[in-house]
A.B. asks: 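Sharing a structure here in structure tokens format.
Position 1 is the first residue of the sequence; numbering continues from there. Order of appearance sets the numbers: ligands from 1, and atoms from 1 within every ligand.
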Amino acid sequence: MSELTFPTSFLWGAATASYQIEGAATEDGRGPSIWDTFSRTPGKVLGGDTGDVACDHYHRVPEDLVLMKELGLQAYRFSIAWPRIMPEGTGAVNQAGIDFYSRLVDQLLAGGIRPFVTLYHWDLPQALDDRGGWLNRDSADWFADYTAAVVGALGDRVTNWTTLNEPWCSSLLSYAVGAHAPGHHDGGEAMAAAHHLMLAHGRAVPVIREHCADAEVSITLNPSQILAPEDPTEADLDAVRRADNAYNGLFFGPIFHAAYPEGMLEDTAHLTDHSYIHDGDLEVISAPLDNLGVNNYFPIRVRWSETPTGNALPGCEQVEETTPRTPVTDMGWEINAGAHKQIVQRSAVESGLPVYITENGSAWPDEVAPDGAVHDTSRIDYLRSHLAAVREAIDEGTDVRGYFAWSLLDNFEWAFGYSKRFGLVYVDYETQQRIVKDSGREYAAIIGSQH
Ligand code: GCO
């Protein structure tokens with residue numbers, strides 16, 4: 001097989017997320033989320049951008065489905081906006097919210113596109129943050145009830161369910177680093193939020209299986225290959241261990257090994273007494289899954305610092321994240337397909353599960369050329385090199401089941417607002433015109449060449 005010919009069962013998709021593309025932020029009963037609050041807080045999102053309109057996908061599903069077919073997608077990964085389903089986070093279900101996703105699922109199935117549904121991609125109802133959000137242990141119950149409402153409504157047609165997208169971002173990036181909603185700066189809170197997110201995941205797994213007989217249940221993590229400096233000292237190697245715990249082991253451990261990784265609790269004892277860990281939690285968190293979603297874009301390079309570096313990740317106070325090696329993308333992320341392969345292989349080993357690449361892609365300063373096209377050659381290079389790396393992983397024995405390009409559309413890139421473009425399809429946010437980029441056509445050609 002050529003480097004870009006994959007097993008016939010390999011699934012080709014693209015991914016999005018509710019707050020990043022839907023818009024219609026106050027329509028049909030949707031309640032506010034923490035990202036509606038965060039994006040309205042001055043200084044939190046570049047340019048003061050919000051998800052109020054985004055790609056207006058809420059009103060443009062038919063045309064976006066045509067784009068999915070044009071790309072030859074076999075699957076589409078999207079997330080459900082919790083605030084559309086339960087505007088207050090718990091209690092009453094908003095039928096208009098259920099109906100929107102039910103129509104989307106029906107239209108996907110009618111188009112021969114398999115829906116991969118993520119239950120939580122960061123848009124927590126603000127009403128729940130008002131009750132402590134992921135710092136409140138009750139969040140596991142709130143999420144289980146929300147899961148029952150969604151899977152109860154869609155489980156007759158949706159098989160592929162993902163509980164959480166990147167709990168690392170929902171906990172450490174949001175409660176320790178503060179770059180994402182709700183924007184706290186407390187490592188101890190971040191550890192508790194991570195635990196409660198994993199507890200919510202574990203509680204939701206049996207709920208999904210109860211409401212969807214043939215469910216394939218998953219979680220999507222965003223692990224990163226942690227790279228040591230050349231000729232690392234013992235201290236550098238300890239920096240790698242600490243960073244690997246914070247980025248990877250914090251979730252691999254409880255979810256797949258029913259235990260926090262060695263050193264993690266000790267290294268963070270100055271931040272929290274870990275009393276949020278209750279007897280039996282790790283058994284709930286490590287509920288058996290059917291596959292693992294891996295979001296990965298870049299590796300992380302670290303070394304030890306003799307003095308505090310300002311690194312907010314728990315246990316990493318003297319870990320310096322060093323400059324990525326060029327070439328980098330428009331996000332400043334190192335382009336390193338070999339590291340992508342390594343972390344995919346590691347994820348499969350840690351989980352013991354088949355893996356889907358649920359996000360991989362690159363941001364570039366795309367422009368519409370005079371010919372009306374978007375000639376994004378850098379994105380094509382990134383796409384091809386990373387697909388080749390996935391193909392190598394498969395050749396070396398890793399069970400990778402599919403690849404979802406991030407993203408179908410240019411969209412709201414969280415704290416970067418609309419300044420970063422990841423889409424296979426260009427979005428003119430003034431007119432909402434969509435333009436399939438050259439990378440979208442390349443992706444369609446790669447999919448079309450499979451046999
Ligand atoms: C993530 C999120 C996406 C991002 C994408 C680019 O992985 O951070 O799932 O919502 O937009 O990864 O940063």
A.B. asks: Does any N/O atom on Tyr297 come nearer than 3.5 Å to any N/O atom on ligand 1?
C.D. replies: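 Yes.
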A.B. asks: Taking both backbone and side-chain atoms of Gln20, is any N or O found less than 3.5 Å from an N or O belonging to ligand 1?
C.D. replies: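 Yes.
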A.B. asks: Taking Asp290 first and then Arg209, would you say they form a salt bridge - that is, a charged N and a carboxylate O separated by under 4.0 Å?
C.D. replies: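 Yes.
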A.B. asks: For atom 3 (C) of ligand 1, what is the closest protein heavy atom, and at what distance to 0.1 Å?
C.D. replies: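 It is Glu359 OE1, 3.5 Å.
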A.B. asks: Do Arg421 and Tyr426 form a cation-pi contact, if we require the NZ or CZ to be under 6.0 Å from the six-membered ring centre and within 45 degrees of the ring's axis?
C.D. replies: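 Geometry flag: set, cation within 6.0 Å and 45°.
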A.B. asks: As an exercise, identify every atom of ligand 1 less than 4.0 angstrom from a heavy atom of Asn295.
C.D. replies: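 Taking each heavy atom of Asn295 in turn, ligand 1 has 7 (O), 9 (O) under 4.0 Å.
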A.B. asks: What protein heavy atom sits nearest atom 11 (O) of ligand 1, and how far away is it?
C.D. replies: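 Scanning the protein heavy atoms, the shortest distance from atom 11 (O) of ligand 1 goes to Glu413 OE1, 2.6 Å.
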A.B. asks: For Glu22 and Arg30: C-alpha separation, side-chain torsions, deciding distance, then whether salt bridge (Lys or Arg N to Asp or Glu O under 4.0 Å) applies.
C.D. replies: CA-CA 11 Å; Glu22 287 179 2; Arg30 178 184 181 277; 5.2 Å; no
A.B. asks: Looking at Arg131 and Asp138, does any basic side-chain N land under 4.0 Å from a carboxylate oxygen?
C.D. replies: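 Salt bridge: no.
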A.B. asks: Indicate, as side chain, backbone, both or neither, the part of Asn165 found under 4.0 angstrom from ligand 1 when only non-hydrogen atoms are considered.
C.D. replies: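 Only the side chain of Asn165 comes within reach of ligand 1.
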A.B. asks: Tell me whether the centres of the aromatic rings in Tyr58 and Phe100 are closer together than 6.0 Å.
C.D. replies: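 Yes.
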A.B. asks: Below 4.0 Å from ligand 1: does a non-hydrogen atom of His121 turn up there or not?
C.D. replies: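 The answer is yes, since His121 has a heavy atom less than 4.0 Å from ligand 1.
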A.B. asks: Going by atom types alone, do Asn291 and Ser218 pair a side-chain donor with an acceptor below 3.5 Å?
C.D. replies: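 Asn291 vs Ser218: donor-acceptor pair found between side chains.
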A.B. asks: Can you spot which of Ser39, Ser33, Ser79 makes a side-chain hydrogen bond (donor to acceptor under 3.5 Å, both in side chains) with Tyr19?
C.D. replies: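 Result: among Ser39, Ser33, Ser79, Ser39 is the only option passing the side-chain hydrogen bond (donor to acceptor under 3.5 Å, both in side chains) with Tyr19.
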A.B. asks: For atom 7 (O) of ligand 1, what is the closest protein heavy atom, and at what distance to 0.1 Å?
C.D. replies: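 Going by distance alone, atom 7 (O) of ligand 1 is nearest to Glu166 OE2, 2.2 Å.
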A.B. asks: Is there a heavy atom in Trp333 that sits closer than 4.0 Å to ligand 1?
C.D. replies: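 The answer is yes: ligand 1 sits under 4.0 Å from a heavy atom of Trp333.
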A.B. asks: Can you list the atoms of ligand 1 that are under 4.0 Å from a heavy atom of Trp414?
C.D. replies: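 Result: 3 (C), 4 (C), 10 (O), 11 (O).
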